[in-house]
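None of the values given here were measured: they were computed from a predicted structure.
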Amino acid sequence: QMGPNAARALQWLGVWDTLEPETFAPKRINIRNGQTGRTLSHIELSGHFEQRFGAPYNIAHRADVIAALLRTTRELPSVSVQTDRAVTGYAPSNGSLKVDLLGGDQLSANALIGADGIRSRIRNLLLGDGPPDYAGHAIYRALTPMIDVPSAIDQTSVTLWLCPAGHVVQYPVNAGRRMNIVAAADSLWVEDGWHARADRAEVADLFRNATPILKELLSAPESWHKWAAADRRPVHHWGDGSVTLIGDAAHPSLPYLAQGAAMALEDAVRLAQHCNGEESIESAFRAYEAERQPRTARIIRRSHHMGQIYHMRSLPAMVRNIVITALPATLHVASMSWIYDWRVDLG
């Protein structure tokens, strides 16, 4: 899900025009009771919303986003993309960096930016703060052709289903050709590693008390994959000298604000701008880190809190649902303005 802040970042990076044909513009965000099916609230995403934030709210398959970024990057004559070249270490050397690669090769570099995700090797070398923190949720993901989606399901919008100890989010991707379904549930993680295959029965059991239409939706995919939901506590510094981190390597959050990729895109814009404006790489990196840390720390904390709200049970869940229903949609939108109002000079 790409809110207006992500769209602005992609526009500045020169990627939006390549990506936009593969995106989908949802009509609204629906919030529904996952046990009764009742709609608690909805937020219209066209008209006033786009006028309010000055950019669209679109949806894309993550693979399409990556493909657009890669295509744009490969068109730049100053950039060389090398795959299967994992970094195993780095060290300062005569005013530069020596970067060690898997297989024994070595590169000389003026700077190193670790963009290698939540289990970043660069972060481990830089901060040594261990593995990410398991949040107590398993996240199940599946894609299914839109033709297989139950007809009673809104196929034009983002829908959030709130269930006891879990929630489900559904939305169209691939320009509306497929439905992405994400189901998160309170769960112990007993698998080896952080990712595994899952079957329909496992997902169905976690949401056995769901409303029939939601059960039908969850039975539509032929297969599922699951991940251990994880994040890290915010840190005040994620760089040293001419080494820094970006995206999930620096500030991984739970996906419950749909802002993980957006924060990485914002990072890319501001890191580039600081590198263009500062006298040295080191000063550019420190200025970028100082600017981005408060905002990304707030995203981490708020995303963690939203997971707790989404997974409420019993009386707290009833109170939550009453509050969501009572609040005007304009207040729901206003509560997200600190995220979506992020601006960048697109000139």
Side-chain angles (χ1 to χ4, degrees), residues 1-9 23-59 135 137 153-172 180 182 184 211 214 231 234 251 253-263 265-266 294-344:
Q1 298 181 64
M2 296 184 299
N5 55 319
R8 289 191 196 93
T23 68
F24 186 90
K27 291 183 178 180
R28 64 186 64 87
I29 298 175
N30 302 306
I31 305 174
R32 300 182 65 174
N33 185 319
Q35 289 185 291
T36 67
R38 176 170 170 258
T39 297
L40 303 175
S41 184
H42 69 271
I43 300 167
E44 297 295 332
L45 294 176
S46 58
H48 173 73
F49 183 94
E50 188 165 341
Q51 293 172 7
R52 164 69 179 80
F53 294 109
Y57 191 113
N58 280 32
I59 304 169
H137 309 158
I153 291 292
D154 186 344
Q155 301 180 10
T156 65
S157 303
V158 179
T159 300
L160 166 65
W161 302 84
L162 298 174
C163 302
H167 73 282
V168 177
V169 182
Q170 58 165 83
Y171 50 83
N180 186 46
V182 182
T211 186
L214 179 54
D231 60 5
H251 44 71
S253 64
L254 295 173
Y256 305 144
L257 286 177
Q259 283 294 308
M263 290 300 104
L265 292 166
E266 288 185 14
R295 177 168 170 81
T296 57
R298 187 178 180 186
I299 290 287
I300 292 171
R301 289 190 290 265
R302 185 62 179 164
S303 296
H304 210 105
H305 184 55
M306 291 306 294
Q308 296 171 338
I309 292 175
Y310 288 170
H311 293 198
M312 285 177 171
R313 315 180 196 200
S314 305
L315 181 60
M318 293 176 59
V319 173
R320 174 203 62 200
N321 292 349
I322 291 170
V323 171
I324 291 174
T325 303
L327 286 177
T330 52
L331 288 184
H332 287 295
V333 173
S335 71
M336 300 297 285
S337 63
W338 68 276
I339 297 175
Y340 297 149
D341 269 336
W342 180 85
R343 305 274 170 170
V344 60

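- Residues P26 and S157 come closest through the heavy atom pair CB-CA, 4.0 Å.
- Under the 30°/60° scheme for interplanar angles, the aromatic rings of Y340 and Y57 are found to stand perpendicular.
- From N33, atom CG reaches atom CG of L160 across 10.5 Å, with rounding to the nearest 0.5 Å.
- The shortest side-chain heavy-atom distance between V169 and T159 does not fall under the 4.5 Å cut-off.
- Looking at P234 and R298, their side chains never come closer than 4.5 Å, going by heavy atoms from C-beta outward.
- From R295, atom CZ reaches atom NE2 of H251 across 10.0 Å, with rounding to the nearest 0.5 Å.
- Contact of the Y171 side chain with the Q155 side chain is not registered, since no non-hydrogen atoms from C-beta on lie closer than 4.5 Å.
- If you check the side chains of Q1 and N58, you find no donor sitting under 3.5 Å from an acceptor.
- In this structure, CD on Q51 lies 9.5 Å from OG on S46, to the nearest 0.5 angstrom.
- Between F24 and T156, the shortest heavy-atom contact is CE2-O, 3.5 Å.
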task: For N30 and V158, run side chain to side chain contact (heavy atoms under 4.5 Å, CB included): C-alpha distance rounded to whole Å, both residues' side-chain angles, the deciding distance at 0.1 Å, then the answer.
output: CA-CA 6 Å; N30 302 306; V158 179; over 6 Å; no
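- When all heavy atoms of S337 and A334 are compared, the closest pair comes out as OG-O, 2.8 Å.
- Two rings, from Y256 and H305, have their centers 6.0 Å or more apart.
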- prompt: Could you walk me through whether R38 and T211 pass the side chain to side chain contact (heavy atoms under 4.5 Å, CB included) check?
  reply: CA-CA 9 Å; R38 176 170 170 258; T211 186; over 6 Å; no
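- The side-chain heavy atoms of Q259 and N5, taken from C-beta on, include a pair separated by under 4.5 Å.
- Salt-bridge annotation for K27 and D154: absent, with no side-chain N of the basic residue lying under 4.0 Å from a carboxylate O of the acidic one.
- Using a 4.5 Å heavy-atom threshold, the side chains of F49 and E44 count as separate.
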- request: Run the numbers on L214 and C163 for side chain to side chain contact (heavy atoms under 4.5 Å, CB included), then give the verdict.
  value: CA-CA 10 Å; L214 179 54; C163 302; 3.9 Å; yes
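- Across every non-hydrogen atom of E50 and P56, the tightest pair is CD-CA, 4.0 Å.
- T39 places no side-chain N or O within donor-acceptor distance of the main-chain N or O of S41, the cut-off being under 3.5 Å.
- Two residues are said to be in side-chain contact when any heavy atoms from C-beta on lie closer than 4.5 Å; I324 and H332 meet this criterion.
- A side-chain donor-acceptor contact under 3.5 Å links R320 to the backbone of I309.
- The two residues S253 and I299 make their nearest non-hydrogen contact at OG-CG2, 3.9 Å.
- Using a 4.5 Å cut-off on side-chain heavy atoms (C-beta onward), T23 and I59 make no contact.
- The structure places OG1 of T325 at 4.5 Å from CG of L40, a figure rounded to the nearest 0.5 Å.
- By the 4.5 Å heavy-atom criterion applied to side chains, R32 and L162 are not counted as neighbours.
- Note that CG of L254 is 9.5 Å distant from CD of Q308, once rounded to the nearest 0.5 Å.
- A side-chain contact (heavy atoms from CB on, under 4.5 Å) with W161 is found for one member of H167, Q170, Q35 and no other, namely Q170.
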